[in-house]
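Shown next, in structure tokens, is the structure this report addresses.
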There are 2 protein chains.
Amino acid sequence: MAEYSYRHPRPSVTVDAVVFGLEQGRLKLLLIQRGGEPFAGQWALPGGFVAMDESLHDAVRRELQEETGVRLAWLEQLYTYGAPDRDPRGRVISVAWLALVSPRGLDLQAGTDSDRAAWFDEDELPALAFDHADIVADARRRLAAKARYQPVGFELLPVRFTLAQLQALYELLLGAELDKRNFRKKVARLGLLAPLDEFTPGPGRPARLHRFDRAAYERAERDGFDFEL
Amino acid sequence: MAEYSYRHPRPSVTVDAVVFGLEQGRLKLLLIQRGGEPFAGQWALPGGFVAMDESLHDAVRRELQEETGVRLAWLEQLYTYGAPDRDPRGRVISVAWLALVSPRGLDLQAGTDSDRAAWFDEDELPALAFDHADIVADARRRLAAKARYQPVGFELLPVRFTLAQLQALYELLLGAELDKRNFRKKVARLGLLAPLDEFTPGPGRPARLHRFDRAAYERAERDGFDFEL
DNA sequence: TCAAAAGTGTTAAAAATACACCCATGG
DNA sequence: CCATGGGTGTATTTTTAACACTTTTGA
């Protein structure tokens with residue numbers, strides 16, 4: 001570092017991830033159980049300190065890999081939390097991220113700390129350490145807002161899904177009931193779903209599977225098309 | 001700090017503000033000229049180090065007060081920039097904020113450093129220090145997006161304004177021409193503008209002044225109304 | 001043949017778009 | 001009286017919203 005390097009007390013900087021996944025049609029949140037003080041034994045968001053030579057983005061990915069081993073489908077920065085008293089040990093500023101995991105990536109891989117990680121149903125969350133409950137609430141709101149105008153919902157679904165699954169997911173994300181026929185019309189008008197010649201069995205009539213056509217989406221987006229559901 | 005306090009190298013944390021104002025119908029950006037190295041003499045976003053006992057929000061407000069003395073009308077966190085090499089002196093993570101200043105607050109008050117601050121037209125910006133050009137670009141995009149679904153535009157206008165001013169501002173923010181009659185219909189339907197019995201003189205027919213009815217907006221918002229322009 | 005979920009079409013209301021002229025003032 | 005910018009209405013198209021029955025399968 002050059003002669004003019006900064007000399008002053010510095011806060012610690014962490015990254016924390018709010019990771020959502022979909023399982024059995026329920027929205028799940030990934031948490032880890034804290035080992036040390038403070039809040040030992042309590043559940044918290046996966047995350048940790050940013051190393052001096054890695055970007056914030058790299059730091060979240062690394063921490064998530066180390067602590068849980070889940071496979072990320074989508075990741076974006078959420079907000080930075082910096083209240084002076086949010087960590088009892090001293091000044092810790094946390095850059096929070098919002099992440100989505102596809103159903104195939106839900107498994108907690110054998111990793112350093114993955115035995116302490118677990119998925120919780122979004123409305124059966126335990127008490128959380130630090131200000132993590134606030135962070136989760138912010139993330140949940142952001143996810144609902146995002147779902148309206150960006151095709152993030154598809155990140156939570158399997159590659160091949162039924163229209164009923166898609167609708168149920170959107171009802172979950174938006175917290176509102178949707179009309180089946182109107183929903184299908186809207187989806188059809190987007191022209192981003194490729195119907196497959198495969199069907200799911202099940203109780204009742206088999207449902208046709210669809211696939212999200214990412215290439216078509218990116219093409220449409222470039223031409224100034226706006227996704228909206 | 002307790003025995004379990006963190007011991008490890010820490011990045012520095014700064015806040016930077018992208019401050020927009022409106023003057024003569026042009027969007028202006030507030031910059032300060034750097035005194036010391038690196039980038040001495042170059043223009044940069046106002047900002048500085050976060051003190052150990054202040055929130056991030058307090059830190060931006062303080063820095064803006066100290067460096068420019070402008071009166072803020074609106075402030076929201078934008079994004080946190082943390083590329084390891086974004087500051088030549090070492091690891092500096094910056095929490096960037098997006099701020100708007102009303103026409104009444106544009107004056108650079110006599111303050112510690114306000115003599116180094118200046119307003120620049122948004123498309124006549126000088127070269128900026130660090131990654132500040134990227135931050136400004138991100139902020140500009142956010143402002144355009146935000147203007148569509150939140151009444152932030154009004155923060156940039158004087159308390160009493162004409163519909164022509166409002167339309168010109170939205171054309172500026174959105175980067176698109178709008179039809180005068182349709183725009184006025186849309187605005188009228190929102191029911192958030194109070195027409196006043198005052199008129200601006202000028203070349204041509206005098207224009208009626210209007211006022212943004214913040215109370216009505218907050219009432220409507222609570223009832224699940226969505227602002228959109 | 002019954003239960004269960006998939007799939008489909010029409011109508012009415014609201015919103016978006018395109019478009020051209022008259023109005024009030026100052027010089 | 002003319003130049004300047006303010007202000008207004010209508011017709012068309014598109015989008016949204018409300019609403020109920022038929023289809024296909026497995027048990």
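Here the structure is a predicted model, which means the values were calculated and not measured. We name chains A, B, ... by the order of the sequence lines, and we start the count at 1 in each one.
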Which whole-number value in Å describes the distance from A/R189 CZ to D/dT13 P?
-> 18 Å
May I have the distance from A/F199 (atom CZ) to D/dT23 (atom P), rounded to whole angstrom?
-> 17 Å
Among residues 169-187 of chain B, which residues get a heavy atom nearer than 4.0 Å to DNA chain C?
-> B/D179, B/R181, B/N182, B/K185
Taking only heavy atoms on the protein side, list every residue of residues 222-229 of chain A lying under 4.0 Å from any atom of DNA chain C, sorted numerically.
-> none
Under the side chain to side chain contact (heavy atoms under 4.5 Å, CB included) rule, collect the residues that match up with A/A73, sequence neighbours excluded.
-> A/S102, A/E155
With sequence neighbours left out, what residues match B/F120 under ring pair (Phe, Tyr, Trp, His ring centres under 6.0 Å)?
-> B/W43
Please list, chain by chain and in numerical order, all residues satisfying ring pair (Phe, Tyr, Trp, His ring centres under 6.0 Å) with A/F183, sequence neighbours excluded.
-> none
Hey, where on DNA chain C does chain A first and last touch, going 5' to 3'? Cut-off is any atom under 4.0 Å from a heavy atom.
-> C/dA4 to C/dT10
Pairs satisfying salt bridge (charged side-chain N to carboxylate O under 4.0 Å, His left out), at least one member in residues 193-203 of chain A, at least two apart | A/R160-A/E198, A/D197-A/R208
May I have all residue pairs that pass salt bridge (charged side-chain N to carboxylate O under 4.0 Å, His left out) and include part of residues 168-196 of chain B, sequence neighbours excluded?
-> none
Could you tell me if the ring centre of A/F161 sits under 6.0 Å from that of A/F212?
-> no
Backbone of A/A129 reached by a side-chain donor or acceptor of A/R34 within 3.5 Å = no
Indicate every side-chain donor-acceptor pair of residues 133-140 of chain B with a distance under 3.5 Å to a residue at least two apart or in another chain.
from	atom 1	to	atom 2	distance (Å)
B/D138	OD1	B/R141	NH2	2.7
B/D138	OD2	B/Y81	OH	2.6
B/R140	NE	B/E122	OE1	2.8
B/R140	NH1	B/L173	O	3.4
B/R140	NH2	B/L172	O	3.0

Please produce a list of atom pairs where a protein N or O lies less than 3.5 Å from an N or O of nucleotides 25-27 of chain D.
none

Between B/Q65 and B/V70 the two heavy atoms that sit nearest each other are OE1-O, 4.4 Å
Distance-minimising heavy-atom pair for B/L30 and B/A117 | CD1-CB, 4.3 Å
Which whole number of Å gives the distance between the C1' atom of D/dC2 and that of C/dC22?
-> 15 Å
Do NZ/NE/NH1/NH2 and the carboxylate oxygens of A/R116 and A/E67 come within less than 4.0 Å?
-> no
Side-chain donor-acceptor distances from residues 215-229 of chain A under 3.5 Å, at least two apart:
from	atom 1	to	atom 2	distance (Å)
A/Y217	OH	A/E221	OE2	3.2

Partner residues of B/R26 under the side chain to side chain donor-acceptor pair (under 3.5 Å) criterion, sequence neighbours left out = B/D121, B/D123
